[in-house]
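Order of listing sets the numbers, starting from 1, for every ligand and every atom in it.
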Amino acid sequence: MKPAPFVYRRPGSLAEAVAALAGEPNAKVLAGGQSLVPLLSMRLAAPAMLVDINAIPGLDTITVEDGGASGVRVGALARHAAVLASDDVRRVQPLVTQALAHVAHATIRNRGTTVGSLVHADAAAEMPVVLTLLGGSLEVEGPAGRRTIPASELYLGPLESSLAPDEIAVSAFFPGLATGAGVAFQEIARRHGDYALVGAAALVEGESVKVGYLSVSDVPTVVDLSGVDDADLGEAALAQLEPMDDIHATAAYRAQLVRVITTRVVRSAREGM
Ligand code: FAD
């Protein structure tokens, strides 16, 4: 199929892009197009206007921040491939690098943006759960100005984020890895590059053990496993989760994958400390 007709805008500045979005209530931002274009082609989305942000200068940066909170800031036009290849990202927050290696295939990573993936809010995607587990945030700009949305307030439901329709995500902030902490990412997929049947990211800091899951619930979900014996990690995680049933896997199968992957990912994070 081909997309329904739409007006196409390619503004050269953020201010123009915000104005274009504000002028059409049924408009969508176009970043890498790797999720939006298939939705248009299948007519699962039919916006009246696309606001292509690819000509806006300065949005493709990847910056290390050492101020109050140290971490890495990824601009809205930084492609997955650039973030994956960044030595700064690997050094400051290796969980981002580990998780990005599981995102799709090279051709999709060459065009798809990490911020676009965060906004798209797919509970089967890797980056939303990484941002949530790390306590990161999204910086957005709209007609009322700029605001920061903490990851804990970003995901409302399947493919639903708390961005207003007239807001553009400008960057995402991933907090850095504290000295002595460990992270790990693992997923189980039918083929490498497919969306995961179940995936998990772990953050271990001293006695604190947290694990975030993708493809288990309809939003990225983080559970606290601090103080749980290694042998009980899987069951303790399941007590805080309600694995979903869909065409890819039954809830019972997902529960079994949660048992297996939780133990593995926590062990792997501890090994990296
Ligand atoms: P787009 O497709 O341009 O936009 C997606 C949505 O986000 C749209 O609603 C758009 O309006 C909105 N949006 C994008 N950027 C902004 C912004 N700056 N401000 C406001 N709104 C914005 N992803 C995974 O995580 N894991 C996978 O395993 C995976 N496998 C894939 C396999 C295939 C075959 C394909 C086609 C895609 C796959 N993806 C996967 C999706 C890929 O990661 C996309 O790049 C990503 O989800 C969206 O990024 P994008 O830049 O392409 O966004």
| query | For the atom pair NZ (Lys2) and OG (Ser41), what is the distance rounded to the nearest 0.5 Å? | reply |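 Between Lys2 NZ and Ser41 OG, I get 11.0 Å after rounding to 0.5 Å.
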
Any N or O on [X] sitting closer than 3.5 Å to an N or O of ligand 1?
X: Ile108; value: no
X: Leu36; value: yes
X: Glu126; value: yes
X: Pro38; value: no
X: Thr113; value: yes
X: Ala125; value: no

| said: Below 4.0 Å from ligand 1: does a non-hydrogen atom of Met127 turn up there or not? | reply: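 No, Met127 has no heavy atom closer than 4.0 Å to ligand 1.
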
| Proximity flag His105 to ligand 1, non-hydrogen atoms under 4.0 Å |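 Not so, His105 does not reach ligand 1.
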
| query | Just wondering, do Val103 and Leu84 contact through their side chains at under 4.5 Å, heavy atoms? | reply |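 Side chain of Leu84 against side chain of Val103, heavy atoms only: no contact under 4.5 Å found.
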
Using a 4.0 Å cutoff against the non-hydrogen atoms of [X], which atoms of ligand 1 qualify?
X: His80; answer: 42 (C), 43 (O), 45 (O)
X: Gln34; answer: 2 (O), 36 (C), 37 (C), 44 (C), 45 (O), 52 (O)
X: Gly112; answer: 45 (O), 51 (O), 52 (O)

| request: Between Val29 and ligand 1, find which residue part has any heavy-atom pair under 4.0 Å and reply side chain, backbone, both or neither. | output: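 Both parts.
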
| query | What part of Ile53, side chain from CB on, backbone N/CA/C/O, both or neither, has a heavy atom under 4.0 Å from ligand 1? | reply |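 Just the side chain.
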
Does [atom1] in [X] sit with more than 12 non-hydrogen atoms of other residues, nucleotides or ligands closer than 6.0 Å?
X: Arg43; atom1: CZ; result: yes
X: Gln240; atom1: CD; result: yes
X: Arg90; atom1: CZ; result: no

| What closest approach, in Å, do Pro175 and Gly136 show between heavy atoms, and which atom pair accounts for it? |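 The pair with the smallest heavy-atom distance is CD-CA, 3.5 Å.
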
